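Notes to accompany the following structure.
Being a predicted model, the structure only gives us computed values, none of them experimental. Chain identifiers are assigned alphabetically (A, B, ...) following the order of the sequence lines, protein sequences preceding nucleic acid strands; residue numbering begins at 1 within each chain.
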Amino acid sequence: MIDPVAVLLLFGGFAVLMLLRVPVALALAVSSIAAALWISVPLPLVGQKMVQALNSFPLLAIPFFILAGEVMAGGGVARRLIDLANVFVGWLRGGLAMLNVVASTFFGGISGSAVADTSSVGSVMLPMMREQGYPANYSVGVTVSSATQGVLIPPSHNMIIFALAAGGSVSIGGVFMAGVVPGLLIAALLLVACYVMARKQGHPKGQPIPARDVPKIVWQGLLGLLTPVIVIGGILTGVFTATESAAIACLWAVLITFGVYREVPLRAFTGMLRRSVKTLGTVLFLIAAAGAYGHLLTVLQLPEALTQALLGLSDNAVVILLLCNVLLLVLGSIMDMAPLILITTPILLPVVTSLGMDPMQFGVMLLLNLGIGLITPPVGSVLFVGSAIGGIRIEQAARGVLPFYLPMVACLLLVTFVPSLSLTLPHWLGF
Amino acid sequence: MPARALRLGLVVVDRTTDALTLLGLVAMVLVVSWQVFARFVLGFTPGWASEVALLLLCWLAFLGIAKGIREHSHIAVGFVVDRLPGILRAVAIRIAPALMAAFGGYLVIQGGEFTQLMMYSTLPATGLPTSVQYAAMPVAGVLIVVYSLLQLFGLIPLDPPDPGSDAGTAGSAPSGEGDDR
Amino acid sequence: GGAGGAQESVTWRLAETHPGDYPTTKADEWFAEELSKRSDGRIQVDVYPDAQLGEERDVLEQMQMGSVELNRTNANLVGEFVPSWKAYGIPYAFASEEHFWNFLQGEGGQAKLDELSEMGAVGLAYYDSGARSLYTNGKPVEKPEDLAGRNIRVQPGSITAEVVEQLGGSATTMDFGEVYSGIETGVIDGAENNLPSYVSTRHYEVADNLTLNEHQRVPEVLMISQSAMDQLSEQDQQLVREVAEESTEVQRELWQEEVTASRKTLEDAGVTITEVDDKQPFEDAVGGLKERYAGQYGDFMDAVEAAEKQ
Ligand code: NA
Ligand code: NA
């Protein structure tokens with residue numbers, strides 16, 4: 001016996017408020033309070049569940065990874081990773097575009113944020129590409145498309161949000177590992193796309209790096225790349241847990257930025273902290289509000305009903321999985337990643353697990369869908385940042401992204417229908 | 001001059017929350033790192049460490065809601081409202097700050113009541129009253145009410161700044177709608 | 001509603017953190033069904049298993065607020081709301097399982113249930129949670145000395161932390177969800193729990209030495225908020241108490257089955273089970289601790305002693 005008014009308040013109220021430019025988290029909280037009023041549960045419940053949603057030790061990894069990403073982005077690590085990538089692909093035809101992809105792959109191992117990746121790699125790469133005569137639309141397109149790997153390649157705070165939204169049934173370390181191969185696969189497919197485009201459109205060749213510069217470039221780049229090594233190595237050797245590794249990653253980032261690179265003064269740290277707190281304020285508000293919203297869904301016994309409804313659409317697993325992808329792509333084009341992870345996981349995870357999909361694989365599929373959403377209009381934060389840095393209109397940037405949908409959707413289908421792509425590595429490591 | 005006093009008061013409030021949240025984040029990193037160091041090097045685990053880190057996280061989150069109003073950083077979907085004709089848009093963009101003020105009021109009143117109810121139970125590791133955790137609601141609630149009322153009456157801009165105005169800085173995202181983090 | 005008057009029907013929520021096939025959950029379900037049947041549908045109870053409404057502490061707060069009416073929780077946690085309940089954590093307080101249940105079902109156990117009024121709750125029944133024992137990765141623990149320098153995960157702020165320290169181990173607090181990988185990678189060397197939880201968490205896969213030292217017997221308790229109870233007539237309140245009391249027998253039987261099944265799982269998996277026939281060395285190691293808490297919770301220890309003589 002589902003209460004239709006409460007359902008309307010939760011779903012309809014949320015949707016209407018969101019379209020009225022009410023912040024997503026506030027829309028979640030307000031529709032929860034409205035539903036709580038209607039079914040007359042005590043009102044403090046919404047606040048209590050908000051606090052309890054934040055009362056989870058693994059959640060601490062999110063501020064730490066965000067801070068580590070900010071420190072590395074602001075402290076010159078992006079430029080060094082670009083230099084490092086240049087050693088490998090810079091001299092090829094279309095080399096700068098490929099460089100952009102490889103740099104984003106490296107950066108993805110440090111930050112979990114496609115926005116941070118776009119703004120830090122993009123602000124160095126886009127002027128370089130302009131100088132060499134790449135079309136601006138294409139340059140922005142390759143920058144933002146390759147930035148989406150950041151959410152798949154560990155560490156990634158969005159994966160932690162997913163693991164938490166999945167209700168502790170998946171290990172954070174396991175989801176991290178599940179993202180590695182699909183993340184690298186996107187990089188490979190994007191490189192192929194860059195190569196094909198370079199041939200077709202006659203993109204310029206880059207300069208080979210003088211051999212005597214290589215050791216310093218490699219050394220400085222590797223210091224930055226050590227962050228994921230420390231994180232994953234520390235977890236696997238039992239020095240610290242996945243959550244604690246994030247705090248250590250922060251210390252490491254501060255150490256190499258202010259102790260080794262010394263490109264920015266120590267007072268720049270305040271700015272990095274401030275940007276982290278700003279990001280955190282929005283992410284944590286979402287996590288808290290989604291906690292209260294999810295609780296009301298549970299009290300109203302809705303997730304089970306929704307799961308049954310979705311499974312009732314078809315008895316063909318392929319059709320249901322494709323439907324899930326379409327749903328996520330559409331939602332991803334109008335909403336952002338964190339709220340969608342929090343809202344859709346409790347509803348879709350039971351659906352796909354009943355079809356035999358491993359939660360870790362679903363995590364990768366979910367993040368890839370939402371990652372594509374980040375570069376898809378009308379609402380795409382990464383697209384916005386990319387076009388702002390590239391100095392072009394959003395429509396132009398969207399046109400630049402078009403050729404890259406093919407490799408990304410190909411990867412999405414592979415992730416959806418080839419479980420071993422995501423699962424071999426985590427299973428091999430014992431997750 | 002009341003306007004000037006108001007602006008000065010705003011600066012004080014801004015700076016205080018700014019300092020508290022930044023220090024809170026640094027303290028969280030240090031507390032968890034200390035937990036690792038103590039266990040791995042010194043051979044004991046400080047039981048209070050994770051509890052204190054989580055208390056800081058809770059306070060950071062709620063103060064962050066208030067700061068997010070000030071900085072227009074809460075994720076919102078603006079493409080519908082931005083297509084509305086002038087007067088309708090002017091009304092529509094005031095719904096969010098009005099609701100935010102109401103939500104702040106909820107945190108002050110209901111959150112405050114619940115905080116009082118939680119005065120008699122204790123947190124397991126530190127033994128502090130549970131209300132220390134929940135007090136983040138009414139305290140941040142006051143700030144949320146203040147900021148959103150100021151925004152409603154135009155003393156804080158109603159519209160987010162032009163996206164991309166600060167996007168050139170490495171690692172920063174444009175404010176307002178569309179921040180994946 | 002209102003006591004004595006013509007009473008409307010009520011629908012309550014019962015919060016349970018264990019999954020649907022766990023003995024406590026099955027007992028909750030039995031309680032709910034039986035209560036509905038015997039009240040002719042006047043009292044409906046919806047069981048929410050799997051921590052759907054939140055973890056135990058979270059739910060205790062919700063009960064005080066009034067958004068959850070009933071819950072099943074561990075006595076250890078109740079101590080954070082009613083300090084005198086910490087006494088259930090005193091190591092080796094009970095000499096045997098029989099002694100433990102003599103206490104719980106006698107005057108002493110009832111007196112503890114009455115103390116729940118401090119948090120606005122009515123204690124309805126005790127459920128079995130067995131005895132807590134140590135399990136480790138690497139060298140089996142046969143005597144307290146074998147624990148020296150080893151990191152054992154305990155619940156934060158529990159007397160168990162002191163127990164582990166007194167036995168010579170290093171008490172480590174860690175999020176419950178991180179324990180499995182923590183043992184696997186070596187951040188910690190082991191943990192402690194009862195047999196069924198050791199099996200259901202699959203911790204035995206990574207910590208394959210179980211030492212049946214049985215350092216604590218901490219009961220589970222089924223409780224209801226006072227305000228929910230007040231909605232019922234005198235007779236119906238009595239009915240709730242009766243059915244709850246009967247559910248204890250149901251749960252204890254299920255618990256025994258679960259322990260037997262768990263034991264078989266462990267044996268099939270090749271876990272080294274160390275029986276501790278003489279617990280004296282363990283008891284001696286925590287003797288000072290027990291004495292100190294016995295001083296602090298004198299009434300409790302007197303009642304425990306009285307229950308042994310029955
Ligand atoms: Na990443
Ligand atoms: Na989008």
For [X], is it the side chain, the backbone, both or neither that has a heavy atom under 4.5 Å from a heavy atom of chain A?
{"X": "B:Arg89", "answer": "side chain"}
{"X": "B:Arg39", "answer": "side chain"}
{"X": "B:Met28", "answer": "both"}

Quiz item: Where the side chain of A:Thr148 meets the backbone of A:Gly371, is there a donor-acceptor pair that is under 3.5 Å apart?
Solution: no
Quiz item: If only atom types and distance count, is the side chain of B:Tyr106 paired as donor or acceptor with the main-chain N or O of A:Gly47 below 3.5 Å?
Solution: yes
Quiz prompt | Residue, of A:Val277, A:Leu59, A:Val24, that accumulates the most heavy atom pairs under 4.5 Å with chain B | solution = A:Val277
Quiz prompt | Contact winner vs chain B - A:Leu17, A:Ile248, A:Asn55, heavy-atom pairs under 4.5 Å | solution = A:Asn55
Highest number of heavy-atom pairs under 4.5 Å with chain A: which of [options]?
{"options": "B:Leu30, B:Leu57, B:Leu56", "result": "B:Leu57"}
{"options": "B:Glu113, B:Lys67, B:Gln35", "result": "B:Gln35"}
{"options": "B:Met118, B:Gln110, B:Glu51", "result": "B:Gln110"}
{"options": "B:Cys58, B:Gly64, B:Ala96, B:Gly24", "result": "B:Ala96"}

Checking heavy atoms, do the side chain of [X], its backbone, both or neither come under 4.5 Å from chain B?
{"X": "A:Val46", "value": "both"}
{"X": "A:Leu383", "value": "neither"}
{"X": "A:Ile62", "value": "neither"}
{"X": "A:Val30", "value": "side chain"}
{"X": "A:Ser387", "value": "neither"}
{"X": "A:Leu67", "value": "side chain"}
{"X": "A:Leu19", "value": "both"}
{"X": "A:Phe57", "value": "both"}

Could you tell me whether the side chains of [X] and [Y] share a donor-acceptor contact shorter than 3.5 Å?
{"X": "A:Gln52", "Y": "B:Tyr134", "value": "yes"}
{"X": "A:Ser276", "Y": "A:Glu70", "value": "no"}
{"X": "A:Thr282", "Y": "B:Ser73", "value": "no"}

Practice problem: Decide yes or no for A:Leu81 and A:Met72: does some side-chain heavy atom of the first lie under 4.5 Å from some side-chain heavy atom of the second? | Solution: no
Quiz item: In terms of side-chain geometry, is the basic nitrogen of A:Arg80 or A:Glu263 positioned less than 4.0 Å from the acidic oxygen of its partner?
Solution: yes
Quiz item: Under a 4.0 Å N-O cut-off, is there an ion pair linking B:Asp18 with B:Arg70?
Solution: no
